[in-house]
Visitor: 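I'd like to ask some things about the structure below.
Labels below follow one simple rule: chain letters A, B, ... track the order of the sequence lines, proteins then strands, and each chain is numbered from 1.
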Amino acid sequence: MTLLEVRNLDVGYKVPGGSLLSGPRVLPIVHDVSFTLEPGRTLGVVGESGCGKSTLGRALLRLIEPTAGQVLWQGQDMATIPNLRQRRSEMQIIFQDPVAALDPCMTLARIVSRPLATFEPGLSRREARERAVEALRLVGLSADFADRYPHELSGGQAQRVGIARALVGKPKLIICDEPVSALDVSIQAQVINLLMDLQEKMGLALVFISHNLAVVRHISHDLMVMCLGRVVEHAPRSPFYARPLHPYSQALMQAVPEPDPRREKGRIGTALPGELPSVLNPPPGCVFASRCPKAADLCRSTRPELREVAPGRLAACHFTDAP
Amino acid sequence: MSVDLAPARSASTFQLQLRRFRQNRLAMVSVVVLALIVALCFLGPYAFPFTGEDADFDFISAPAELTWPHLFGTDDFGRDLLVRVLEGGQVSLTIGFLGALVAGVIGVLYGAIAGYVGGRTDGVMMRLVEILYGFPYVILVILLSILLGGGTLALFAAIVFTLWLTPAVIVRAQAQSLAQREFVQAARAGGMTGPAIVLQHIVPNCMSTVLVYGSLLVPEVILSESFLSFLGIGIKEPQASWGNLIQAGTSAMDTDLRLLLLPGGLLAVVLLCLNFIADGLRDAFDPNDR
């Protein structure tokens, strides 16, 4: 059964209205996002900062209320799931800043076992602690970490604790919100490999949010590229990396640093010209038109729909043809 | 004095801060002196065969000659000055610590809720605080004394009523920034309810700030009590407090200075100690100052 199905999701933040009496205005961040996720699969969500990927991730778990559209969890609308609080053990999240995600006043055992108080209220304190130690061991931290405090950890260790906390309730889905972008490159690989191991062991589905295409390549089965709150391309991994179809995806791909300095030299000057449009005043046409090298008049006046340009490959561009 | 600088395995930030506080000599001396004064005030009167309200007509206005039983002499009514000062200290210190505690608890909870919930609730709650800030303090106390029939309770209520506002504002600002932190979102994803998040995540993380401010709140409460008793609004004769003892002392200042010096000196020492402790706590807890 499909684990997660998202239909035409819109998310926005409330901002204070102009006057005291008028209600709050909604600042739209994510527009019309739809996708499905099967158990054990990973969806990589990529885009530049401010494109709404983190907002989308939080809205999937209803940490932010969506303004329109539906999120179906195993076929059930999240908005109407009774006792969603208990069901949250099935869907967890890990964060970008691993240290800020841990309460500095609590020991690691308490941090990790805390969700069990909600999910399995019958558990004794001792059993909860044992589960926490077990979860810590699963992410590669020995039992003597249990009584330490977050400020004693390195970033990589802190991120492992974040993963352990997500795992302790035996989830089916983990939203990974830029889980490695705050870590050293060498630690990034460790954390990603850990996530992939856990996925294999526990059949986890992951939504992996990142701005770095190189990181996502390793872990994802499918990719979704977002620009200014809209999905511009959605494709399986291999064909996407072989040839991205949307000009925005191509630009992102070119932004991945080249490890070989001799080849890197020739790439200088590929930075995108043009301005990122304002979220408050989005352009009528394509969200990428102001920076797109291929933009025509049509792009500035009419928004391209996300359409299937090849089997399994969706792109929102007027000028993209089948590869 | 050798200090063990090697951090023990696994100390929370809070424990580390406490350790830093213990290394502050002035603050630790203040803690000891304050503890001695508190013990003296609460145990001392038992050493004498009379209470502070018993008049000894053989010794009216006896001078301070350090002779038994009236070590520091008596006042115009023949009441032993030292015992009265110690009993007055019980009242002042109790109101000081209890008042700061109650005002602190109310303020912290109010501020934490306003800061965490945010939005319109926050707006309404904070406007209320601002309105209460606007009340003139002394008039409020007089009104409350009339309302509650005067006495210690009215004084206590009035002090708490005015002093919980500042901790509420301080904690609210901190709770607001904590509510955006990722561990609070993780707690929500972990199915924690709002009240549980406020009590288990927000309040503990505000504690170091609150402790520093609370230690300044205690002398503030003691001072207000003394000030109001001095004005005659607070603790009434024959019950003693440092405020009304000082007031009695000032009226006899020209003839007999000791009536002023004993309660005044003790109050000054307690306030100094509390300020040094507050200072030490701030040094230990405030990362910006290091």
Visitor: So, does B:E182 use its side chain to make a donor-acceptor pair with the main chain of A:P98 at under 3.5 Å?
Guide: no
Visitor: Report yes if the side chains of B:R188 and A:R88 come closer than 4.5 Å at any heavy-atom pair, otherwise no.
Guide: no
Visitor: Taking all atoms of both residues into account, what is the closest heavy-atom pair of A:A101 and B:A186, and its distance?
Guide: O-CB, 4.4 Å
Visitor: With sequence neighbours excluded, what pairs up with B:M28 under the side-chain contact (heavy atoms from CB on, under 4.5 Å) test?
Guide: B:F21, B:R22
Visitor: Considering non-hydrogen atoms only, spot the tightest contact between A:T118 and B:G191 and give its length.
Guide: CG2-O, 3.2 Å
Visitor: Does atom CZ (B:F135) have a neighbourhood of more than 12 heavy atoms from anything else shown, all under 6.0 Å?
Guide: no
Visitor: Any salt bridge (Lys or Arg N to Asp or Glu O under 4.0 Å) pairs touching residues 92-105 of chain B, not counting sequence neighbours?
Guide: none
Visitor: Per the ring-ring contact (aromatic ring centres under 6.0 Å, His included) rule, what does the pair list look like for residues 158-178 of chain B, sequence neighbours excluded?
Guide: B:Y110-B:W164
Visitor: Between chain B and each of A:I111, A:I93, A:L102, count heavy-atom pairs under 4.5 Å; write down the option with the most.
Guide: A:L102
Visitor: Do any of residues 60-71 of chain A have a heavy atom less than 4.5 Å from a heavy atom of chain B, and if so, which, in residue order?
Guide: A:R62, A:L63
Visitor: To the nearest 0.5 Å, what is the distance between CG (A:D97) and CZ (B:R181)?
Guide: 8.0 Å
Visitor: Should A:R114 and B:Q200 count as side-chain neighbours, where that means a heavy-atom distance under 4.5 Å?
Guide: yes
Visitor: Supply the atom-to-atom distance A:M106 CE to B:H201 NE2, rounded to the nearest 0.5 angstrom.
Guide: 4.0 Å
Visitor: How close do A:P104 and B:F183 get, heavy atom to heavy atom, and via which atoms?
Guide: CD-CE2, 3.8 Å
Visitor: Less than 4.5 Å to any heavy atom of chain B: does that hold for the side chain of A:R165, its backbone, both, or neither?
Guide: side chain
